[in-house]
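When reading the values below, keep in mind they use all heavy atoms of this one structure, side chains included, and skip hydrogens, waters and symmetry mates. The residues of the chain are indexed from 1 along the displayed sequence. What you see is a predicted model; the values in this text were computed from it and never measured.
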Amino acid sequence: MTSPSLADSFAKALEQKPPRPGRPVHSANVEYRYRAPHDAFGRNGYSQVSNDFLSEVLAVLIARHGMSPAQSAVLVFCMGRQREGRLRITHVKIALHLGIERANVTRALGSLEGWHMIQRRANSLIVVNPLICFKGNGDLQEEVLEQLRADAKAVLRKHFPQMREDEVREAASESFPEFQPPAAPKPRTRQLEFGDNDVEGQAC
């Protein structure tokens, strides 16, 4: 048998007669009000994204050219397409969607992986760091984070069997998905104008 819901408990309480002592109850009612659903573009819902990552890391890196246009575009694309932190897509399909060269996508993914923003896996699987963006509830996010940390420990034990447990734990804490934002370059001394483009190959 399932435990009674909150609505059942209220209904049962309202069916009972008020106690005799004290001031008599004239009337009682319960009103249920539900939160309005989010209204967002598209049919795939929305992701929880770290506000600090957007404002303190991503915006600053883009503005100061700490990230190239290809790097920022590939990251935003992956953040928007991930579900439970994962998406399965080839470099070619990302390039076609963004309208850039596949080589630039590959270089961008390599840089993003070095910054612990994403991780590339076998069979065209990309994992977006759940600490910066995640589509799913908090419980599911914790499960994904624990699995990623367990994966990091397993890889370390496989390649470095002589490592002590405390060393494995410390090394795993410094690997994906732990996130330390890359250093942003100093502010530029000149104003950028619309159409002021850097060479993408050099930026990546």
| Quick one: ring-ring contact (aromatic ring centres under 6.0 Å, His included) pairs with a partner in residues 88-117, sequence neighbours left out? |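 Matches after skipping sequence neighbours: F77-H97.
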| Pairs where residues 126-155 contributes a residue and the test ring-ring contact (aromatic ring centres under 6.0 Å, His included) is met, not counting sequence neighbours |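 Applying ring-ring contact (aromatic ring centres under 6.0 Å, His included) to every pair that reaches into residues 126-155, excluding sequence neighbours, yields nothing.
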Is any side-chain heavy atom of [X] less than 4.5 Å from a side-chain heavy atom of [Y]?
| X | Y | value |
| --- | --- | --- |
| E84 | L140 | yes |
| V144 | R86 | yes |
| L61 | S72 | no |

| Under 3.5 Å, is there a donor-acceptor pair between the side chain of N129 and the main chain of I118? |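 Not confirmed, N129 side chain does not pair with I118 backbone.
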| field | Backbone N/O of P130 and side chain of Q141: donor-acceptor pair under 3.5 Å | value |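 Side chain of Q141 to backbone of P130, a donor-acceptor pair under 3.5 Å: yes, one is there.
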| query | Taking only residues two or more places apart in sequence, or in another chain, which ones meet R120 in a salt bridge (Lys or Arg N to Asp or Glu O under 4.0 Å)? | reply |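 By the salt bridge (Lys or Arg N to Asp or Glu O under 4.0 Å) rule, R120 matches E113.
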| query | Sequence neighbours excluded, which residues qualify as salt bridge (Lys or Arg N to Asp or Glu O under 4.0 Å) partners of E167? | reply |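 E167 satisfies salt bridge (Lys or Arg N to Asp or Glu O under 4.0 Å) with R164 once adjacent residues are dropped.
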| said: Could you list the cluster mates of L96? Members are the ILVMFWY residues connected by side-chain heavy atoms closer than 4.5 Å, either directly or through other members. | reply: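 In the cluster with L96 are V92.
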| When clusters are formed from ILVMFWY side-chain contacts under 4.5 Å, directly or step by step, what else is grouped with F41? |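 For F41, no cluster forms, as it stays isolated from other hydrophobic side chains.
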| Pairs in or reaching into residues 67-78: which pass salt bridge (Lys or Arg N to Asp or Glu O under 4.0 Å), with residues at least two apart or in two chains? |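 Residue pairs with at least one partner in residues 67-78: there are none.
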| field | Pair listing, salt bridge (Lys or Arg N to Asp or Glu O under 4.0 Å) test, anchored in residues 49-74, at least two apart | value |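 Residue pairs passing salt bridge (Lys or Arg N to Asp or Glu O under 4.0 Å), neighbours aside: none found.
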| query | CD of E101: more than 12 outside heavy atoms within 6.0 angstrom? | reply |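 Atom CD in E101 is not crowded, with 12 or fewer foreign heavy atoms closer than 6.0 Å.
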| Who are the side-chain contact (heavy atoms from CB on, under 4.5 Å) partners of R88, not counting sequence neighbours? |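 Partners of R88 under the side-chain contact (heavy atoms from CB on, under 4.5 Å) test: N123, S124, L125.
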| message | For S47, give me all partners under side-chain contact (heavy atoms from CB on, under 4.5 Å), at least two apart in sequence or on another chain. | response |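 side-chain contact (heavy atoms from CB on, under 4.5 Å) list for S47, sorted by chain: V49, Q82, C133, K135.
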| Basic-acidic side-chain contact under 4.0 Å: R157, E165 |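 Counted as a salt bridge, because a side-chain N and a carboxylate O are separated by less than 4.0 Å.
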| Mind checking what makes ring pair (Phe, Tyr, Trp, His ring centres under 6.0 Å) contact with F160, not counting sequence neighbours? |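 Scan of F160 (ring pair (Phe, Tyr, Trp, His ring centres under 6.0 Å), adjacent residues dropped) gives none.
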| Taking only residues two or more places apart in sequence, or in another chain, which ones meet F176 in a ring pair (Phe, Tyr, Trp, His ring centres under 6.0 Å)? |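 For F176, no residue satisfies ring pair (Phe, Tyr, Trp, His ring centres under 6.0 Å) once neighbours in sequence are set aside.
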